[in-house]
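In what follows, a single structure is set out as structure tokens and then discussed.
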Amino acid sequence: MSRVNTLIITMLLSAMTAMAAERTVELKVIETSDVHGYFFPYDFMEKKPLKGTLSCANSYVKRMRQQYGDRLLLIDNGDILQGQPCSYWSNMVMPHDENLAASVVNYMGYDAETVGNHDIEPGHKVYDKWIREVRCPVIGANIVNRADGQPYVKPYSVHYKDGVKIVVIGMLTPAIPNWLHENVWKGLEFEEMVACAKKWVKYVKEVERPDLVFGLFHSGFHGGIVTDKYAENATEAVAKEVSGFDIIFFGHDHQVHNVWVTNSSGQKVLCLDPSCYVRNVAEATISLTYKDGRMVKKDINGRIVSMDNEAVDEQMVEHFSKRIEQIRKYVDQPIGIFENPVYTRDCFFGNSPFCDLIHNLQLQITGADISFNAPLSFNASINAGTVTMSDMFKLYRFENLLYVLNMTGREIQGHLEMSYDMWTNTMRSPDDHIMLLNDGAKEDQQRSGFKNYTFNFDSASGIDYEVDITKPNGQKVRILRLSDGRPFEPDRWYRVVMNSYRGNGGGELLTHGAGIPKDSISKRIVYQSELDQRHYLTEEIRRMGKVVPKANSNWRFVPEEWARPAIERDRKHLFGE
């Protein structure tokens, strides 16, 4: 053999050896979050087709699985147990069957699931059963069993995809005690997220030695409730302060995020949030190159993929057809008759038949002196005529309890001041907005064009009052009297009815607004319903048979010459009418 041929053969063998020692793996990760019962392409509240939903996402997942095979990781980020009537039907009406949320997760073949605050809200009986029924790991490193100090569910899950080892660390916003009564999370604690993440990243790096570390956090990017012990939305803080994450998939804030954050070590961390109701999925494509068994290159790209135009997976719908039909029959049950329609959009601009119907029912059911209530939907309506069970989910969407608390007149005043400060602008001229708006939040499902969360816009019934939109924050509300004509006294105690979210401190109206210390709120509760609020509202409407919803006319925006035209402008701005 000539010297030249020997050289060529040597070079080829060398190249082949190098190629054999080097390989590239491409992975796909798909995240859903804040599904809220949007499983099927049908709105059981509005009785009309839905865009998105898991039935469309599964078409997309199937297509990606055809391309990636077992190199695809499918994860869900919680808040799956509450939202649509099908969730309530499964949680409360048919509790002995496998939970529908577990059935859907199992059918779609999820690899990991974490826990959201709305998964805790139905109580131990519901979520403990759901955790047992879900066949993939349910993870939550900072959900701690108080009895032994260990995680209540698995802190993380381990996945092997074409030889790549992936660890997914789950966490839940620690603000649960700020919203929910301890009865529903008895025996649990929720650790602050940054410290918890540091502990578990260190552990998995040392023990598992993974190729990739993901976060799966039911906690928004930033903001929300901040105390001296924790932050509600801590994803950005974890991404910045905790080294070791490659990607953090998150949710809870119902906003779309696709951002890179540089952490304290100078490394970039991709943070992805698809928002809610499966209108989108968050997707990461990861390319890893290994040489001699060692990773030498890592490329990560993220995007948000709309599900609005994705085809419905008819095979999935057919699989669940029997249960879908049972749910339809449940929501079609007649409850009573409304003599006139009601609209949630009216709640923002003064007394409204929608909000005042709930106020009046709360007062009738409990015998309280005063009622607090906020609109829980941005633009829902109940038509005149026969009211069905589906309408009751528009009237009250989530399964809160009814509470009655003892509050002083001064505390009631402070509660309302904070509410209207979050809700209304301070007008300096007749041409100003009356509402506190943020056009950048129009796609945010919890703000819908307002600056703040609309579910914290409490009005009151049982008192007559004015809201002066020319006054500065903290000075807008002037309480005139009790609605029965008695004087309203700042130092007198009153029984105030509200939902359990508010009554546990949700929205901070009781703590920051009324000034009641968080640790003393429970001592103020003099009544707590056994069943959820919607149940009692439903039973009261059934008892009445025929209801004539009307505005109570117990409060108004002043001065009217500024307020009236400003309301017309802002109604058109928000609702196009």
Side-chain angles (χ1 to χ4, degrees), residues 342 346-347 349-375 401-421 423-424 456-471 473-500 502-503 507 509-517 520-529 533 536-537 540 543-544 547-560 563:
V342 294
D346 294 338
C347 303
F349 306 108
N351 273 118
S352 70
F354 194 107
C355 202
D356 290 345
L357 172 64
I358 297 175
H359 277 310
N360 295 340
L361 291 174
Q362 289 187 159
L363 291 170
Q364 285 172 220
I365 292 164
T366 65
D369 303 305
I370 294 165
S371 170
F372 288 153
N373 183 55
L401 303 179
L402 268 174
Y403 279 10
V404 176
L405 275 70
N406 282 330
M407 296 178 67
T408 67
R410 188 169 283 105
E411 289 167 345
I412 291 165
Q413 172 95 30
H415 183 110
L416 290 174
E417 291 284 8
M418 181 174 174
S419 172
Y420 284 97
D421 288 347
W423 179 354
T424 60
N456 288 326
F457 295 176
D458 269 8
S459 62
S461 188
I463 52 175
D464 296 346
Y465 62 101
E466 296 176 339
V467 181
D468 190 336
I469 36 72
T470 67
K471 299 291 186 184
N473 286 354
Q475 301 176 35
K476 287 184 167 75
V477 178
R478 179 172 171 247
I479 300 176
L480 306 172
R481 65 189 74 84
L482 292 170
S483 294
D484 63 7
R486 290 179 294 154
F488 179 83
E489 302 174 29
D491 295 319
R492 184 174 176 179
W493 289 92
Y494 298 95
R495 287 161 46 91
V496 185
V497 60
M498 62 195 76
N499 65 46
S500 56
R502 186 73 72 238
L509 293 173
L510 288 178
T511 51
H512 289 184
I516 302 172
S520 69
I521 289 178
S522 61
K523 300 172 186 174
R524 303 291 193 94
I525 300 170
V526 296
Y527 169 78
Q528 177 181 324
S529 66
Q533 185 172 13
Y536 296 100
L537 298 176
E540 191 65 16
R543 185 191 65 79
M544 296 167 68
V547 182
V548 185
K550 59 182 180 180
N552 291 338
S553 301
N554 68 297
W555 72 272
R556 60 180 184 148
F557 288 121
V558 295
E560 289 191 346

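Residue numbers count from 1 along this sequence. Quantities reported herein were computed from a predicted structural model and do not represent experimental measurements. Worth knowing before you read on, the calculation uses all heavy atoms, side chains too, and leaves out hydrogens, waters and symmetry mates.
Between W493 and R524 the shortest heavy-atom distance is CZ3-NH1, 3.5 Å. Closest approach of P487 and L482 over heavy atoms only: O-CD1, 4.0 Å. Shown here for I521 and G503, the closest heavy-atom pair between the two residues is CG2-O, 3.0 Å. Residue A368 comes nearest to L363 through the heavy atom pair O-CD2, 3.4 Å, listed as atom of the first residue, atom of the second, then distance. Among all heavy-atom pairs drawn from D421 and G474, the shortest one is OD2-N, 2.9 Å. Residues P549 and V547 approach most closely at CD-O, 3.3 Å, considering heavy atoms.
Residues L361 and Y536 fail the side-chain proximity criterion, which asks for heavy atoms closer than 4.5 Å. I365 has its side chain within reach of L537: a pair of non-hydrogen atoms, C-beta onward, lies under 4.5 Å apart. The shortest side-chain heavy-atom distance between V497 and H359 does not fall under the 4.5 Å cut-off.
Residue Q528 holds its CD atom at 10.0 Å from CG of L402, rounded to the nearest 0.5 Å. If you take NZ on K550 and CG on N351, they are separated by 12.0 Å, rounding to the nearest 0.5 Å. For the atom pair CD1 (I516) and CG (L509), the distance works out to 10.5 Å, reported to the nearest 0.5 Å. For the atom pair CG (D468) and CZ (F557), the distance works out to 11.0 Å, reported to the nearest 0.5 Å. Distance CE/M498 to CD1/I370: 9.5 Å, rounded to 0.5 Å. Atom SG of C347 sits about 7.5 Å away from atom CD1 of I358, to the nearest 0.5 Å.
Remark: E466 pairs with R478, R556 by the side-chain hydrogen bond (donor to acceptor under 3.5 Å, both in side chains) rule, at least two apart or across chains. For N373, the side-chain hydrogen bond (donor to acceptor under 3.5 Å, both in side chains) criterion is met by no residue, not counting sequence neighbours.
Just one of N554, D464, D369 meets the side chain to side chain donor-acceptor pair (under 3.5 Å) condition when paired with S483; it is D464.
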Just distance, no hydrogens or angles: give the donor-acceptor pairs under 3.5 Å from side chains in residues 413-420, sequence neighbours left out.
{"residue": "Q413", "atom": "NE2", "partner": "E417", "partner atom": "OE2", "Å": "3.0"}
{"residue": "Q413", "atom": "NE2", "partner": "V477", "partner atom": "O", "Å": "2.6"}
{"residue": "H415", "atom": "NE2", "partner": "D458", "partner atom": "OD2", "Å": "2.9"}
{"residue": "E417", "atom": "OE1", "partner": "Q475", "partner atom": "N", "Å": "3.3"}
{"residue": "E417", "atom": "OE1", "partner": "K476", "partner atom": "N", "Å": "2.9"}
{"residue": "E417", "atom": "OE1", "partner": "V477", "partner atom": "N", "Å": "3.3"}
{"residue": "E417", "atom": "OE2", "partner": "V477", "partner atom": "N", "Å": "3.2"}
{"residue": "S419", "atom": "OG", "partner": "D458", "partner atom": "N", "Å": "2.8"}
{"residue": "S419", "atom": "OG", "partner": "D458", "partner atom": "O", "Å": "2.8"}
{"residue": "Y420", "atom": "OH", "partner": "Y465", "partner atom": "OH", "Å": "2.7"}

Quick one: do L510 and L405 satisfy side chain to side chain contact (heavy atoms under 4.5 Å, CB included)? Show the steps, please. CA-CA 10 Å; L510 288 178; L405 275 70; 3.8 Å; yes
Is there a side chain to side chain contact (heavy atoms under 4.5 Å, CB included) between I412 and F372 once you walk through the steps? CA-CA 9 Å; I412 291 165; F372 288 153; 4.0 Å; yes
Candidate pair V467 and W555, rule side chain to side chain contact (heavy atoms under 4.5 Å, CB included), full reasoning: CA-CA 8 Å; V467 181; W555 72 272; 4.0 Å; yes
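The closest donor-acceptor contact from the side chain of D356 to the backbone of N552 lies under 3.5 Å. A donor-acceptor pair is defined here as one N or O able to donate and one able to accept, closer than 3.5 Å; no such pair exists between the side chain of E489 and the backbone of G409. N406 places no side-chain N or O within 3.5 Å of a backbone atom of K523 that could act as its donor or acceptor partner.
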